[in-house]
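Heads up, the thing below is written out as structure tokens.
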Protein chains: 2
Amino acid sequence: MSSRSPGSQFQLFVSPSGEALPRWLEAFPKAVVLAQGTFVESLPDGALVWLRLDASRPAPEQLAELHKAVGAARIVVLASQPDNEQALTLFSAGIRGYCNAHSTAANLRQVASVVQAGGLWIGEALMQRLLAATRTAILKTPVASLPQDVASRAAADRLSALTGREQEVARAVATGSSNKEIARQLGITERTVKAHIGSVFQKLNARDRLHLALIVNGQRPS
Amino acid sequence: MSSRSPGSQFQLFVSPSGEALPRWLEAFPKAVVLAQGTFVESLPDGALVWLRLDASRPAPEQLAELHKAVGAARIVVLASQPDNEQALTLFSAGIRGYCNAHSTAANLRQVASVVQAGGLWIGEALMQRLLAATRTAILKTPVASLPQDVASRAAADRLSALTGREQEVARAVATGSSNKEIARQLGITERTVKAHIGSVFQKLNARDRLHLALIVNGQRPS
DNA sequence: CCCGATACTGTCCTTTGGTCCAATAGCGGT
DNA sequence: ACCGCTATTGGACCAAAGGACAGTATCGGG
């Protein structure tokens, strides 16, 4: 259920040069600053990691490295020149926030409070563009969406034998979430997640979560 | 960018029936609860408005009404059964949060703190699906996706980075085989299967066998 | 009011999955 | 002969998954 600690939290800055921009330090005077590639052995629970992108290398690569280094910690990316598509890619890779590297200290603190409370930070302008793109893209392609549509309808059929909650966990499993993640997402205990998954296994006649994923994703009949 | 007021804030619940679910009240005992359509004359600055959707009417319509009633206040929508497309529509209509109506009190408070700090609240599961949809739509296939063909060719691309043996085990994993089964199928030790799978994880940047299955089956980019 | 369905949580335990460190062996190219 | 890649295996160790057994709480009927 994600520990929400009150005030100041552990902040870790990671930048290519190993130096932080003045505004970061202004926002978080007590933060730890590291160079990219530095080994991180253990991070306090709920730590927030800020990644200053190195413009000369692909962002996903840098993020992957950082992920390996810091594990499950929440990551916020600071981009010198925010980019729509890049933000998308990074969000799908699991970052919790994406904001302009030139933000004010007040803004940075605001971002921190949102992300540490479990939210996502997306600049409003970016959000608008993102939604616009998504909406038009989705409203378009009525024909191309047929395969997915059929797939999701079939999935709905398969899932219709499940209770509401069971469907939620089943879908989460099918997208690759771990029990712990699902528990966090739904605000319940890992134990309860297991309970739901267990009954889903029975109802859909699945052996394990991978089979369940195949069933939900239409790769295999139940 | 937005006024951040400190602790407890004004919370307004709007539901079709005029009643709040027990968990809402648990989270915000001092909240004001109103029925949809009730006239609201003035709202404290920074108030947070929660809208419980009426399943029998189109959501955008309900939101539009509420917008008229509460003006610029931040709105969080509570959905009984969260829906991808609905969330999209509502976010583009300006809501600041979208979450499951069955969330726990702790979660609701968390959502409140995020939104009141200027963030957006999107359930993680929803975020994932939303991003998946966006990504596939944005990486729009100019050749009007031949459904299966493209998928399998893309899968082949993804697997091309692997050695022959690695491809075999990757495919076996993707069809739901356990390590023991794969070992038997290939006539090698379970230990060796693990070794192959381990290197596949690295090469395809997968976290576990379920992610690997999603990648191989084209449900997720590597 | 009791009952069944749903949701949620706990403990104990076993099996599986995954990583780390380490080693052997064949094969092709320089 | 040496190097790099691939395939193979061992052992130790830890984390995640899943089953067994049990319990509480809410809600909507009959």
Side-chain angles (χ1 to χ4, degrees), chain A residues 1 39 41-42 45 67-69 71-72 159-170 172-214, chain B residues 17 19-26 80-81 100-107 159-170 172-215:
Chain A
M1 204 169 285
F39 178 70
E41 59 175 304
S42 79
D45 197 42
H67 257 137
K68 274 183 202 153
L159 294 182
S160 63
L162 309 178
T163 70
R165 212 49 163 170
E166 285 168 353
Q167 290 184 24
E168 285 185 278
V169 297
V173 166
T175 61
S177 301
S178 69
N179 290 344
K180 203 178 298 249
E181 287 169 340
I182 298 172
R184 197 160 32 76
Q185 286 167 22
L186 299 184
I188 56 181
T189 312
E190 188 177 345
R191 178 63 191 80
T192 308
V193 173
K194 286 185 178 181
H196 289 311
I197 290 181
S199 64
V200 170
F201 284 166
Q202 280 195 311
K203 289 183 180 176
L204 296 190
N205 196 27
R207 191 178 63 179
D208 53 41
R209 63 200 302 109
L210 188 21
H211 279 189
L212 173 57
L214 294 176
Chain B
S17 63
E19 290 181 11
L21 288 179
R23 294 200 166 161
W24 301 349
L25 291 176
E26 183 188 341
S80 308
Q81 33 187 18
N100 197 312
H102 305 100
S103 301
T104 63
N107 266 346
L159 293 182
S160 64
L162 309 179
T163 70
R165 209 53 160 168
E166 285 168 353
Q167 291 183 23
E168 285 184 277
V169 296
V173 166
T175 60
S177 302
S178 69
N179 290 346
K180 203 178 300 248
E181 287 169 341
I182 298 172
R184 198 158 29 75
Q185 286 165 23
L186 299 184
I188 55 181
T189 313
E190 187 177 347
R191 179 63 193 78
T192 309
V193 174
K194 286 186 179 182
H196 288 311
I197 291 181
S199 63
V200 171
F201 284 167
Q202 278 196 311
K203 291 183 179 176
L204 296 190
N205 198 24
R207 191 178 61 179
D208 52 42
R209 62 198 306 109
L210 187 21
H211 278 189
L212 173 57
L214 294 176
I215 291 170

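Residue Glu190(B) has its side chain nearest to dG17(C) when only dC8(C), dG18(D), dG17(C) are considered.
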Please list, one pair per line, the donor and acceptor atoms closer than 3.5 Å that link side chains of residues 187-195 of chain B to other protein atoms, with sequence neighbours excluded.
none

List, one per line, each side-chain donor-acceptor pair under 3.5 Å for residues 203-214 of chain A, sequence neighbours excluded.
{"from": "Lys203(A)", "atom 1": "NZ", "to": "Glu166(A)", "atom 2": "OE1", "distance (Å)": "2.8"}
{"from": "Lys203(A)", "atom 1": "NZ", "to": "Glu166(A)", "atom 2": "OE2", "distance (Å)": "3.4"}
{"from": "Arg207(A)", "atom 1": "NH1", "to": "Glu181(B)", "atom 2": "OE2", "distance (Å)": "2.6"}
{"from": "Arg207(A)", "atom 1": "NH2", "to": "Gly176(B)", "atom 2": "O", "distance (Å)": "3.0"}
{"from": "Arg207(A)", "atom 1": "NH2", "to": "Glu181(B)", "atom 2": "OE1", "distance (Å)": "3.3"}
{"from": "Asp208(A)", "atom 1": "OD1", "to": "Leu210(A)", "atom 2": "N", "distance (Å)": "3.1"}
{"from": "Asp208(A)", "atom 1": "OD1", "to": "His211(A)", "atom 2": "N", "distance (Å)": "3.0"}
{"from": "Arg209(A)", "atom 1": "NH1", "to": "Asn179(A)", "atom 2": "OD1", "distance (Å)": "2.9"}
{"from": "Arg209(A)", "atom 1": "NH2", "to": "Ser177(A)", "atom 2": "O", "distance (Å)": "2.9"}
{"from": "Arg209(A)", "atom 1": "NH2", "to": "Asn179(A)", "atom 2": "OD1", "distance (Å)": "3.1"}
{"from": "His211(A)", "atom 1": "NE2", "to": "Gly176(B)", "atom 2": "O", "distance (Å)": "3.0"}

Nucleotide N/O to protein N/O under 3.5 Å, stretch nucleotides 3-6 of chain D:
none

Please tabulate, one pair per line, each protein N/O and nucleotide N/O from nucleotides 21-26 of chain D that are separated by under 3.5 Å, including the distance.
{"from": "dC21(D)", "atom 1": "N4", "to": "Arg191(A)", "atom 2": "NH2", "distance (Å)": "3.2"}

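Considering all non-hydrogen atoms of both residues, Val169(A) and Leu186(A) come closest at CG1-CD1, 3.6 Å.
Atom-to-atom, CD of Glu168(B) to C1' of dT8(D) comes out at 14 Å; the value is rounded to the nearest Å. For the pair Leu212(B) CG and dT19(C) C1', the computed distance is 16 Å after rounding to whole Å. Computed from coordinates, the Leu210(B) CG to dA17(D) P distance equals 9 Å when rounded to whole Å. Put simply, CZ on Arg209(A) is 10 Å from C1' on dG18(D), counting in whole angstrom units. Here dA16(D) presents its C1' atom at 13 Å from NE2 of His211(B), a figure rounded to the nearest Å.
To the nearest 0.5 Å, atoms CD (Gln185(B)) and OG (Ser178(B)) are separated by 8.5 Å.
When side chains are defined from C-beta on, Asn100(B) counts as touching Glu168(A), because their heavy atoms get closer than 4.5 Å.
Where the helix from dC1(C)-dG30(D) to dT30(C)-dA1(D) starts and where it ends, the local axes point in directions that differ by 30°; five pairs per end, rounded to 10°.
Within residues 192-202 of chain A, the residues having any heavy atom under 4.0 Å from DNA chain D are, by residue number, Lys194(A), Phe201(A). Against DNA chain D, the stretch residues 174-186 of chain B makes no heavy-atom approach under 4.0 Å.
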